[in-house]
Amino acid sequence: MSTRPSREYPERPIVGVGAVILDGAARRIVLVRRGVPPRQGEWSLPGGAVELGETVRAAAEREAMEETGLAVATEELLGVFDRILPDDRGRLHYHYVLIDFLCRVRAGELSAGGDAAAAAWAGEDELKKFNLEQPTIEVIRKAFKLRA
């Protein structure tokens, strides 16, 4: 029997992390195409839910490795965001509290894995073609400013 809380129609918010993996020299970041709901098929930052007993930094590093094949080190906290998604009847379908970290690559080659259907490096001037949500664009811009 699983004690993992349901991600759909949860009883309480789920803590999730995002990894803003930045290659400052090339002015690019890693994006992944979500392979599972919510937002399946859309581009976003690598990330996922924090596991029981795991720190948020360790979760960001684990999720980055699972979804991108890159070993990363978390650096600055970029922000904490609410992700509350109702269903078409107005009921609470998903509720995440997301913690995004600036990350640097320590090792590895970019390749999609885990919940990611695809992974790509995206230059600062290429973000529009990935149809990212505004909060995602804002946190990416914050990361670029920190490493300007």
Side-chain angles (χ1 to χ4, degrees), residues 2-8 10-85 92-148:
S2 174
T3 59
R4 184 180 199 183
S6 173
R7 292 182 187 207
E8 292 188 77
E11 293 181 17
R12 63 184 55 90
I14 296 170
V15 178
V17 292
V20 183
I21 305 169
L22 179 67
D23 176 352
R27 304 289 294 170
R28 61 187 187 160
I29 53 105
V30 172
L31 296 173
V32 295
R33 181 178 290 144
R34 306 259 42 107
V36 297
R39 301 184 57 236
Q40 184 173 6
E42 295 180 28
W43 288 93
S44 187
L45 297 169
V50 178
E51 296 178 355
L52 187 64
E54 184 177 46
T55 68
V56 291
R57 288 180 181 273
E61 292 170 358
R62 174 186 52 78
E63 286 287 346
M65 174 58 84
E66 288 175 6
E67 293 188 354
T68 70
L70 299 171
V72 302
T74 56
E75 294 183 344
E76 285 93 348
L77 171 68
L78 293 172
V80 178
F81 308 93
D82 297 301
R83 182 84 173 125
I84 302 170
L85 302 170
L92 184 64
H93 195 181
Y94 295 99
H95 184 173
Y96 291 96
V97 175
L98 302 173
I99 304 166
D100 288 343
F101 289 97
L102 178 62
C103 299
R104 68 175 164 79
V105 177
R106 293 183 310 141
E109 294 293 324
L110 183 61
S111 63
D115 292 343
W121 284 104
E124 190 172 8
D125 58 343
E126 298 175 298
L127 297 178
K128 285 185 182 181
K129 75 179 187 180
F130 289 92
N131 296 318
L132 301 169
E133 293 188 325
Q134 192 58 38
T136 303
I137 292 170
E138 289 171 12
V139 77
I140 291 168
R141 286 186 178 141
K142 184 175 182 179
F144 280 127
K145 284 181 185 175
L146 281 172
R147 291 297 180 257

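Quick note: numbers below take in every heavy atom, side chains included, and nothing from hydrogens, waters or symmetry partners.
- A donor-acceptor contact shorter than 3.5 Å links the side chain of Glu67 to the backbone of Gly47.
- Atom-to-atom distance recorded for Glu124:CD and Arg141:CZ is 8.0 Å, nearest 0.5 angstrom.
- To the nearest 0.5 Å, atoms CH2 (Trp121) and CG (Leu31) are separated by 10.0 Å.
- For the atom pair OG1 (Thr55) and CZ (Arg62), the distance works out to 10.0 Å, reported to the nearest 0.5 Å.
- A salt bridge does not link Glu126 to Arg27: none of the charged side-chain nitrogens sits closer than 4.0 Å to a carboxylate oxygen.
- Taking the charged nitrogens against the carboxylate oxygens, Glu76 and Lys142 have no contact shorter than 4.0 Å, which rules out a salt bridge.
- Scanning all heavy atoms of the two residues, the minimum distance from Cys103 to Ala19 falls at SG-CB, 3.8 Å.
- Nearest heavy-atom pair, Leu77 versus Asp100, reported as atom, atom and distance to 0.1 Å: CD1-O, 3.6 Å.
- Note that CZ of Phe130 and CZ of Arg33 are 8.5 Å apart. Values are rounded to the nearest 0.5 Å.
- Here the CD-OG1 distance, from Gln134 to Thr136, works out to 9.0 Å after rounding to the nearest 0.5 Å.
- In this structure, Arg34 and Arg39 approach most closely via the heavy-atom pair CB-O, 3.3 Å.
- Remark: side-chain polar atoms of Gln40 are paired, donor with acceptor, to backbone N or O of Gly35 under 3.5 angstrom.
- Ion pairing of Glu61 with Arg106 is absent here, as no side-chain N (NZ or NE/NH1/NH2) approaches a carboxylate O to less than 4.0 Å.
- Distance check: Leu22 CG to Ile29 CD1 gives 8.0 Å after rounding to the nearest 0.5 Å.
- What you find for Gly18 and Ala60 is that their closest heavy atoms are O-CB, 4.5 Å.
- A 6.0 Å sphere centred on CD of Glu109 holds no more than 12 heavy atoms belonging to other residues, nucleotides or ligands.
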